[in-house]
Amino acid sequence: MKLIELIKEFRETRKWNNNSEASLVKSIVIESAELLEHFQFQEKEYDKELVCNELADILIYCHALCIKLDVTPEEIVSNKLIDVARRYPVVKD
Ligand SMILES: [Mg+2]
């Protein structure tokens with residue numbers, strides 16, 4: 001099962017699939033702040049498990065927003081990479 005389908009089923013079975021787009025965007029930012037908190041006072045030492053836990057929260061909300069927008073992470077990331085590659089072509093030595 002693809003990750004987005006797993007997240008969709010997980011949220012649907014708990015009736016957590018009624019969040020608005022705005023609510024999901026806020027959650028992405030809140031979870032991003034929680035991730036940043038691990039680097040608040042120092043930049044080199046961090047607990048990888050705790051950092052990955054916050055990263056997972058962010059990814060789950062990003063996938064939930066993709067579901068709400070009826071897009072897939074694959075299509076929007078691929079489109080973005082195509083756009084960035086067009087703007088920043090590889091410079092050959
Ligand atoms: Mg969190």
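Bear in mind the structure is a predicted one, so any value in this text is a computation, not a measurement. Note that ligands are numbered from 1 as they come in the structure, with each ligand's atoms numbered from 1 the same way.
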Are Leu69 and Val25 connected in the hydrophobic side-chain network, where two residues link if heavy atoms are under 4.5 Å apart?
->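 Yes, one cluster joins them.
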May I ask whether Val51 and Ile58 are part of the same hydrophobic cluster, defined by side-chain heavy atoms of I, L, V, M, F, W, Y residues being less than 4.5 angstrom apart, directly or through others?
->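 Hydrophobic grouping puts Val51 with Ile58.
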Relative to each other, are the rings of Trp16 and Phe10 parallel, tilted or perpendicular (30° and 60° limits)?
->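 The arrangement is perpendicular - the two ring planes meet at more than 60°.
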Suppose we only allow N, O or S atoms; which atom of [X] ends up nearest to the Mg ion (ligand 1)?
| X | answer |
| --- | --- |
| Glu34 | OE1 |
| Glu31 | OE1 |
| Glu54 | OE1 |
| Asp57 | OD2 |

Should we say atom CD of Gln40 is surrounded by more than 12 heavy atoms from elsewhere, each under 6.0 Å from it?
->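 Check passes, neighbour count above 12.
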